[in-house]
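Worksheet for the structure shown next.
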Number of protein chains: 2
Amino acid sequence: MAKTNKNQDTEGQILTAAKNVFQKKGMDGARMQEIADEAGINKAMLHYYYRSKQLLFEAVFSNAFSLLAPQLNKALNDDSSIEDKVKNFTNNYISFISKHPYLPNFIIQELNRNPKFFEKIQQNAAFPTLEKFKTQVTEEVEKGMLKPIDGEQLFINIISLNIFPFVASPLIKGILKIDDKGFKQLMERRKTDVSEFIINSIKK
Amino acid sequence: MAKTNKNQDTEGQILTAAKNVFQKKGMDGARMQEIADEAGINKAMLHYYYRSKQLLFEAVFSNAFSLLAPQLNKALNDDSSIEDKVKNFTNNYISFISKHPYLPNFIIQELNRNPKFFEKIQQNAAFPTLEKFKTQVTEEVEKGMLKPIDGEQLFINIISLNIFPFVASPLIKGILKIDDKGFKQLMERRKTDVSEFIINSIKK
DNA sequence: TTATGGTTTAACCATTTGGTTAACAAAGGT
DNA sequence: ACCTTTGTTAACCAAATGGTTAAACCATAA
C-alpha cells in the first residue's frame with residue numbers, strides 16, 4: 001500500500017521493535033509501551049498500524065516463521081543425497097540460528113501457548129513438507145545406501161540434535177558449567193560433530 | 001466441597017492448582033484468580049500461604065525441577081555402561097515425560113525467561129552433574145568400546161533426542177500431519193528407535 | 001464456656017495495561 | 001491557496017490484576 005510516510009518507515013520500525021520485545025518476553029510478557037519505547041514512537045502508533053497487540057504479535061510471529069521455514073524446506077527438498085542433506089542442514093542451521101538466537105524458542109513457545117497458530121502458518125507458501133524426504137529415505141534404504149530407518153524418525157532426530165541445544169541453552173550452560181563464550185565454541189564444534197554423529201548412525 | 005476441615009492441606013491444593021496453571025500458561029500468562037478458582041479457594045489464601053505470585057511460582061518451579069533432575073542424575077551416575085545408560089535413559093525418560101507432558105517445556109521456557117533461576121536450583125541436592133559421565137565416556141573410548149566422541153557432545157545428543165520432540169510437539173504434529181494419538185505412537189516407537197540410533201552411532 | 005490463634009472470606013485498593021480520542025501536523029492533489 | 005488524506009501525539013479510559021485489610025470462622029486449650 002502506498003502510504004505517504006513522513007517518517008521513512010514507521011511500520012517497519014514498529015515491526016523490528018516488536019520482534020525484539022516479543023521474542024525476548026513472549027506474547028504475555030511483552031508490553032505495548034515497551035515496544036513503543038524501543039521503536040522510539042508513541043504507543044498509539046502501534047494501534048494505528050496494527051490495531052491490536054494480538055495482530056502485531058501475529059505479524060511478528062508470521063515473519064519469524066517465514067524466516068525459519070525456508071531453511072527447513074530447502075534442506076529437505078533439494079536434490080542432494082540424504083547424507084549431504086544432513087551435512088548441509090547441520091552446518092547451515094547452526095550458523096543461521098547463531099544469528100537469530102531467540103528464534104527457535106520463540107516459535108516453539110508460542111506454538112505451545114496457542115496451537116491454533118499452526119492453522120494460520122500452515123497456509124504459508126514455504127511451509128515445510130516431508131513427503132520427498134520420506135520417499136528419498138526409503139529409496140536410499142532400499143538401495144542399501146542407508147541402514148533401515150524410518151524417514152519421520154530420522155527427520156525428528158535431525159531437528160532435535162540441531163535445534164534443542166539452542167532452545168535449552170540456559171540448562172546446558174548450567175549443567176556443563178560454561179558461559180556464553182564456551183557455549184558458542186561448543187555449538188561451533190557441533191557443526192561437524194552432529195552430522196558425523198548422524199551419518200555414523202545411518203550410513204551402511 | 002466439605003469446608004468442615006480446617007487446613008486439610010490447603011497449601012497442597014494451592015500448589016497443585018498453581019502447578020497446573022503455571023505449567024500451562026507460564027509465569028506471565030498465569031492469573032492468580034485462575035489459580036484460586038482451580039484450587040476452589042479464595043484468592044487471598046494464595047497470598048496467605050505464599051505471599052506473592054513470584055514466590056508461589058518459585059515453589060512450583062522448584063518442585064518441577066526436583067522431579068526432573070533425579071531422572072537425569074540417576075541416568076548419568078549409576079554404574080552401568082554407557083550403552084546401558086543410553087538404553088535405560090531413553091526408555092525411562094520417554095515414559096516419564098508421557099506422564100508429565102508440560103514439564104520440559106515449562107522448565108525450559110522459564111529458564112529462558114529468567115536465567116537467574118538457575119542459581120537457585122543449582123543448590124538443589126539432586127542437581128545433575130556430568131563429571132562421572134564424562135570420564136566414563138573417555139574410559140570406554142580408550143578401551144575401544146566406543147568410537148571417539150566427546151562426553152559433553154554425547155550428553156547433549158542424548159537429551160536433545162529425548163526431550164526435544166516433547167518440547168516441539170505442536171511443530172512436529174503439524175509437519176508430520178499427525179494428531180495426539182499418532183504422536184503418542186511415534187513417541188512409543190522412539191523408546192527403542194532413539195537408543196538404537198545413538199548406539200549405532202557410537203558403538204565400535 | 002470462653003479466650004486464643006490460626007484459617008478463610010468478601011470487599012477494597014493502587015497500579016498496570018491495552019486501547020481510544022481528539023486535536024494537531026504534514027503531505028498531496030486540485 | 002485550500003481541502004482532503006495520512007501520520008503523530010498527549011491525554012484519557014475502562015478493565016484487569018496483584019495484593020491488602022478487617023472482619024468472620026472454627027477447632028482447641030484453659
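As the structure is a computational prediction, the values presented were derived from the model and not from experiment. Within every chain, numbering begins at 1; the chains are lettered A, B, ... in the order of the sequence lines, protein sequences first and strands thereafter.
- The CG atom of Asp28(A) sits 11 Å away from the P atom of dG18(D) (whole-angstrom rounding).
- If you check dG18(C), dA10(C), dG18(D) against the side chain of His47(B), the one that comes closest is dG18(D).
- In terms of phosphate contacts, Arg31(B) brings no side-chain nitrogen or oxygen within less than 4.0 Å of OP1 or OP2 of dA16(D).
- For dG19(C), its base sits under 3.5 Å from the side chain of Lys43(A) at one donor and acceptor pair at least.
- Between Ile35(A) atom CD1 and dG18(C) atom C1' the separation is 11 Å, expressed in whole Å.
- Taking atom CG of residue Asn42(B) and atom P of nucleotide dG19(D), one finds them 15 Å apart after rounding to whole Å.
- Nearest to the side-chain atoms of Met45(B) among the listed nucleotides dG7(D), dT9(C), dG19(C) stands dT9(C).
- Contact check, Tyr48(B) against dG6(C): no side-chain N or O comes under 4.0 Å of OP1 or OP2.
- Nucleic acid contact for Ala36(A): none, since no nucleic acid atom lies under 4.0 Å from a heavy atom of the residue.
- In this structure, OH of Tyr50(B) is placed 17 Å from C1' of dG19(D), rounded to the nearest angstrom.
- The side chain of Thr10(B) contributes an N or O atom lying less than 4.0 Å from OP1 or OP2 of dT8(C).
- The CG-P distance, from Asp9(B) to dT7(C), rounds to 12 Å in whole Å.
- One interatomic measurement links the two molecules: CD of Glu11(B) to P of dT8(C), which rounds to 10 Å at whole-angstrom precision.
- Ion pair Asp37(A)/Lys43(A) not flagged as a salt bridge, since none of the NZ, NE, NH1 or NH2 atoms sits closer than 4.0 Å to an Asp/Glu carboxylate oxygen.
- Protein atom CD of Gln13(B) is 13 Å distant from nucleotide atom C1' of dT8(C), rounded to whole Å.
- Around atom NZ of Lys25(B), no more than 12 heavy atoms belonging to other residues, nucleotides or ligands sit under 6.0 Å away.
- Salt-bridge annotation for Glu119(A) and Lys116(A): absent, with no side-chain N of the basic residue lying under 4.0 Å from a carboxylate O of the acidic one.
- Checking dT20(D), dG18(C), dT9(D) against the side-chain heavy atoms of Met32(A) singles out dG18(C) as nearest.
- Distances shorter than 4.0 Å separate none of the side-chain N or O atoms of Arg51(B) from OP1 or OP2 on dG19(D).
- Taking a 6.0 Å sphere around NZ of Lys74(A), one finds it holds 12 or fewer heavy atoms contributed by other residues, nucleotides or ligands.
- Here dG19(D) presents its P atom at 9 Å from CG of Leu55(B), a figure rounded to the nearest Å.
- The residues Lys177(A) and Glu131(B) are annotated as salt-bridged, a charged nitrogen and a carboxylate oxygen being separated by less than 4.0 angstrom.
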